[in-house]
Amino acid sequence: MTGKRITLIAASGATLALVLIAGALASTQAAPAARTSQADQLRALERSRLQALVDGDTAAARKQMATDFQLINPAGVPLSRGDFLGAIEAGDLDFLALEPTSQIAVRVHGRTAALRYETSFDLVVGGTHLTHKAWTTSIYERRRGRWQVVWQQTTAVPNNPGLLIEALKPPA
């Protein structure tokens, strides 16, 4: 009887050790997985917001944008959430296509995240049709349990660098 009891205790101890090791491994692997899923969540949110802008769904876009959102557009003009979405609602700004052309890089630090990616956009602004590439940086904050974009800056990549250089020269 004593031999069986020792074997059972040894087996229980080995099982406990395996459970503890498995738990320790799972906990060390869970942290990177949580960060990855948070980054993936932000990527999906950004793509969803861009699609809402193309669809003219300002109600959906508004939910993803903080009330104090500010965009610095490729022309260097700051726009509030109201100004930006109002231009879409008025038909002054019509995104025909707006999509990332590179992987969306994400850096999360606490309740703040930065997203950076190359963008291709096709739009009509003030009656002028523009097709362009750009770099976009978006800053998100986690507010009341959900991510919202608070700042965005889009820097145009010139289609014709020579024209850009000419435009930057001082008047003669």
Side-chain angles (χ1 to χ4, degrees), residues 31-170:
R35 274 184 252 140
T36 300
S37 72
Q38 196 168 48
D40 287 342
Q41 177 187 7
L42 284 157
R43 286 182 189 102
L45 186 60
E46 183 73 351
R47 284 187 185 99
S48 170
R49 185 175 68 84
L50 296 178
Q51 188 58 52
L53 295 173
V54 171
D55 294 342
D57 187 352
T58 56
R62 185 173 278 105
K63 289 177 187 174
Q64 297 172 346
M65 300 164 75
T67 55
D68 58 342
F69 169 83
Q70 186 177 49
L71 164 71
I72 306 297
N73 71 18
V77 177
L79 296 171
S80 68
R81 180 179 83 166
D83 292 339
F84 180 55
L85 296 177
I88 293 170
E89 291 167 345
D92 295 330
L93 179 58
D94 183 12
F95 287 100
L96 306 174
L98 178 60
E99 56 192 33
T101 56
S102 70
Q103 180 181 16
I104 299 175
V106 178
R107 292 201 175 197
V108 178
H109 184 74
R111 296 170 31 145
T112 304
L115 285 66
R116 186 190 71 212
Y117 54 95
E118 287 181 273
T119 315
S120 175
F121 59 91
D122 188 15
L123 67 130
V124 178
V125 58
T128 302
H129 184 225
L130 300 172
T131 301
H132 232 289
K133 295 198 179 297
W135 278 97
T136 298
T137 302
S138 298
I139 305 297
Y140 278 77
E141 290 179 358
R142 193 156 182 82
R143 295 181 176 183
R144 292 182 291 283
R146 63 189 178 105
W147 289 104
Q148 288 189 303
V149 63
V150 292
W151 284 347
Q152 182 177 350
Q153 180 164 345
T154 302
T155 303
V157 174
N159 292 330
N160 184 333
L163 286 176
L164 173 66
I165 292 169
E166 278 301 312
L168 295 175
K169 289 182 180 177

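In this chain, residues are counted from 1 in sequence order. Bear in mind that the values here come from a model prediction, so they are computed numbers and not experimental data.
- Annotation: side chain to side chain contact (heavy atoms under 4.5 Å, CB included) contacts of Ala113 (sequence neighbours excluded): Leu42, Val108, Leu115, Tyr140, Trp147.
- With values rounded to the nearest 0.5 angstrom, Ile139 atom CD1 is found 10.0 Å from Gln153 atom CD.
- Looking at every heavy atom in both residues, Ala60 comes nearest to Ala52 through CB-CB, 4.1 Å.
- Considering only heavy atoms from C-beta on, Gln152 comes within 4.5 Å of Thr136 through its side chain.
- Side-chain atoms of Val77 and Leu71, non-hydrogen and from C-beta on, never get closer than 4.5 Å to each other.
- With hydrogens and angles disregarded, no donor-acceptor distance shorter than 3.5 Å links the side chain of Arg47 to the backbone of Pro100.
- For the side chain to side chain contact (heavy atoms under 4.5 Å, CB included) with Leu53, the lone residue among Leu93, Thr58, Leu85 that qualifies is Leu85.
- A distance of 10.0 Å separates CG of Leu45 from OG of Ser138, quoted to the nearest 0.5 Å.
- Residue pairs satisfying the side-chain hydrogen bond (donor to acceptor under 3.5 Å, both in side chains) criterion with at least one member in residues 95-115, sequence neighbours excluded, are absent.
- Listed by chain and number, the residues in a salt bridge (Lys or Arg N to Asp or Glu O under 4.0 Å) with Glu141 are Arg143 (sequence neighbours excluded).
- Taking the six-membered ring where tryptophan is involved, the planes of Phe84 and Phe95 are perpendicular, since the angle between them exceeds 60° and thus also 30°.
- Partners of Pro78 under the side chain to side chain contact (heavy atoms under 4.5 Å, CB included) rule, at least two apart in sequence or in another chain, are Gln70, Ile72.
- Residues meeting the side chain to side chain contact (heavy atoms under 4.5 Å, CB included) test with Thr131, sequence neighbours left out: Asp122, His129.
- Among residues at least two apart or in separate chains, side-chain hydrogen bond (donor to acceptor under 3.5 Å, both in side chains) pairs with a member in residues 73-85 are Ser80-Asp83.
- Under the 4.5 Å side-chain criterion, counting only non-hydrogen atoms from C-beta, Leu123 is not in contact with Leu98.
- In this structure the side chain of His132 never reaches within 4.5 angstrom of the side chain of Pro74, judged on heavy atoms.
- With sequence neighbours excluded, the residues forming a side-chain hydrogen bond (donor to acceptor under 3.5 Å, both in side chains) with Asp55 are Gln51, listed by chain and number.
- The environment of Trp151 atom CH2 is sparse: at most 12 non-hydrogen atoms of other residues, nucleotides or ligands sit within 6.0 angstrom.
- Under the rule for a salt bridge (Lys or Arg N to Asp or Glu O under 4.0 Å), the partners of Arg49 that lie at least two apart in sequence or sit in another chain are Glu46.
- With sequence neighbours excluded, the residues satisfying salt bridge (Lys or Arg N to Asp or Glu O under 4.0 Å) with Glu89 are Arg62.
- Under the side-chain hydrogen bond (donor to acceptor under 3.5 Å, both in side chains) criterion, Glu166 pairs with Lys169, sequence neighbours left out.
- Between Ser48 and the choices Lys63, Gln64, Arg43, the side chain to side chain contact (heavy atoms under 4.5 Å, CB included) rule is met once, by Gln64.
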